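This report concerns only the one structure given below.
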Protein chains: 2
Amino acid sequence: MSDSVAVWARPERGRRGPAPERSRDQIARAAIAIADADGLAAVSMREVAASLGTGPASLYRYVRAREDLLDLMADAVLAELELSAAPSTDWVDDLVALAGEVKAVHLRHPWLLDLPPQPSRLGPRAIDLIEHALGLMRHLPVQGRVKLEVIGVVNSLVAQFARHETAAEAPVSDRQAAQTAYLGKVAADGSHPLLAAALADTAPGDALDVFEPTIRHVAMGLTGIAHR
Amino acid sequence: MSDSVAVWARPERGRRGPAPERSRDQIARAAIAIADADGLAAVSMREVAASLGTGPASLYRYVRAREDLLDLMADAVLAELELSAAPSTDWVDDLVALAGEVKAVHLRHPWLLDLPPQPSRLGPRAIDLIEHALGLMRHLPVQGRVKLEVIGVVNSLVAQFARHETAAEAPVSDRQAAQTAYLGKVAADGSHPLLAAALADTAPGDALDVFEPTIRHVAMGLTGIAHR
DNA sequence: TTATACTGCGATCAGCGTTCGCAGTATAAG
DNA sequence: CTTATACTGCGAACGCTGATCGCAGTATAA
């Protein structure tokens, strides 16, 4: 099996020999369970194989490398999205709602935020998501590439906000406690008065909800189309 | 040395014993050179130590773990930013220019894009950058936390656009060729007509420059302040 | 002068991703 | 029906990783 065939373009079984005992989806879901419980770093080939009751080498019948497994995981969680809703009359509202659903996927699977996005990670469900998002913008009088740009930017913002919310909710690690102490020290020593003031202006637990306005502004700004 | 002290808050030498032979900055720069040449995955403790002519265990006198080294690397590259320019009369122009400079840092050091951003990665230079950015917005009649939100969102967009440009310029790997072929196949099979149309509408090499408008819209949108 | 904190780093541990190659299975070919 | 061979599962092994232990020399504090 060549490097030059994307994992989702490969057939799941050969034309001879026994039927495989597992599927790529099953392996991806086993990996997702581990990532959900213990983070992405815990998703080793050995750990995934053990959770399936097999040896690590057997996974290489389904994926070429761990990177393929990560691709499968990232795409598999998008199955949680309900993409069949018909667009309303307000494409910006629809895009904001879709962005909110994608953000919710990230909140359920925080390890997604540890996966550097790569254009090469687009699987069937990611492609369905893009098609759906393009559907929301179907009638806009702008070029396709502008629409794709909007989608890329919105995805990036979704991850950013998800990261923010995840950090706010997660138990504080030693590392984060150390950083907070460090920031407090810097704020206290007078060398960064604007930062000190801004931090003082940011009460804990008093989170802004700027997700929706951010998505709105970006969508309307890039397409040049006002909300109606 | 406790986990609970951030790497940049730790003294560089003890009060007794020989002076250390190296500095954290020197180690960070050795690591950056490796990352620039061969990517982040090549930055192993062994590789960094070998490039410094020492053994891997000696690095643990300077950092507690590889994660600390990554923190130092991420902060060290921000030294390339020239932050002393006085603000002009147009805060949005200034913010866009600053964002462009930060994007240029990412383009010179593409491995930054493989580092999941963490709030705990903020070192002295990152803090200087935030202070500077707050300075550009010093006179805006909005809360400090809104300003911090703008900075967070802009940073996220900077990374997104840098990733995009990096992908456009990098030699195409087998993986990316496979993905492109896969997208082509999906576009050809008729199941995603909007995507097919959008891709057809996106001529290679005909990149949109929506970086500046995106930053503008986000900045003005979040602060509620029109460009003037 | 002595105690001891500090430094450098080899040796070692435990784990990782991945490949090789064996053996059994099931389909294609004759 | 028999044979060839593509296919599958996976143990063993390779080469690499991050990190810790503990020794020995150094330099400051007591």
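Keep in mind the model is a prediction, meaning the values are calculated, not measured.
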Self-check item: Distance, rounded to the nearest Å, where Glu47(B) contributes CD and dC16(D) contributes P
Solution: 10 Å
Practice problem: Provide, to the nearest angstrom, the distance between the CZ atom belonging to Arg24(B) and the C1' atom belonging to dT7(C). | Solution: 15 Å
Quiz item: OP1 or OP2 of dT25(C) sitting under 4.0 Å from any side-chain N/O of Arg15(A)?
Solution: no
Practice problem: Please determine, for the side chain of Arg13(B), which listed nucleotide (dT28(D), dA19(D), dT8(D)) has the closest atom? | Solution: dT28(D)
Quiz prompt | Pairwise 5' ranking along DNA chain C for Glu21(B) and Pro56(A), keeping only the more 5' one | solution = Glu21(B)
Practice problem: Answer yes or no: is there a side-chain heavy-atom contact under 4.5 Å between Arg121(A) and Arg175(B)? | Solution: yes
Quiz prompt | Upstream residue (5' side of DNA chain C) when Gly55(B) and Ala19(B) are each assigned their closest nucleotide | solution = Ala19(B)
Self-check item: Contact check, side chains of Asp128(B) and Leu81(B), non-hydrogen atoms, under 4.5 Å
Solution: no
Quiz item: Rounded to the nearest Å, what distance is computed from the CD1 atom of residue Ile27(A) to the C1' atom of nucleotide dG17(C)?
Solution: 15 Å
Self-check item: Phosphate contact (dG9(D) OP1 or OP2) by Ser58(A) side-chain N/O below 4.0 Å
Solution: no
Quiz item: For dG8(C), does either OP1 or OP2 sit under 4.0 Å from a side-chain N or O belonging to Thr54(B)?
Solution: no
Quiz prompt | Nearest heavy atoms of Leu199(A) and Ala187(A), plus distance in Å | solution = CD1-CB, 4.4 Å
Quiz prompt | Watson-Crick or G-U wobble partner of dC14(D), both distances under 3.5 Å | solution = dG17(C)
Quiz item: Once you round it to whole Å, what is the distance between C1' of dC7(D) and CZ of Arg10(A)?
Solution: 16 Å
Self-check item: Between dG24(C) (P) and Arg16(A) (CZ): distance, integer Å
Solution: 20 Å
Quiz item: For the base of dG18(D), is there a side-chain donor-acceptor partner from Arg46(B) under 3.5 Å away?
Solution: yes
Practice problem: Check whether any side-chain nitrogen or oxygen of Arg66(B) sits under 4.0 Å from OP1 or OP2 of dG18(D), and answer yes or no. | Solution: yes
Quiz prompt | Separation of atom CG in Leu59(A) from atom C1' in dG11(D), rounded to whole Å | solution = 14 Å
Practice problem: Select from Gly53(A) and Ser44(B) the residue whose nearest nucleotide in DNA chain D is closer to the 5' end of that strand. | Solution: Gly53(A)
Quiz item: Once you round it to whole Å, what is the distance between P of dC21(D) and CZ of Arg61(B)?
Solution: 12 Å
Quiz prompt | Nearest-neighbour nucleotide for the Ala65(A) side chain, dC6(C), dT8(D), dT18(C) considered | solution = dT18(C)
Quiz item: Is there a side-chain contact between Asn155(B) and Pro117(B), using heavy atoms and a 4.5 Å cut-off?
Solution: no
Quiz item: Do Met73(B) and Leu40(B) have side-chain heavy atoms sitting under 4.5 Å apart?
Solution: yes
Self-check item: Length of the CG-C1' vector between Leu69(A) and dC16(C), whole Å
Solution: 14 Å
Self-check item: 5' priority, DNA chain D, between Tyr60(B) and Gly17(B) [closest heavy atom]
Solution: Tyr60(B)
Quiz item: Where is the tightest heavy-atom contact between Phe211(B) and Val96(B), given as atom of each residue plus distance?
Solution: CE2-O, 4.5 Å
Quiz item: Does dA4(D) have a Watson-Crick or wobble partner in any strand here, with both distances under 3.5 angstrom, and which is it?
Solution: dT27(C)
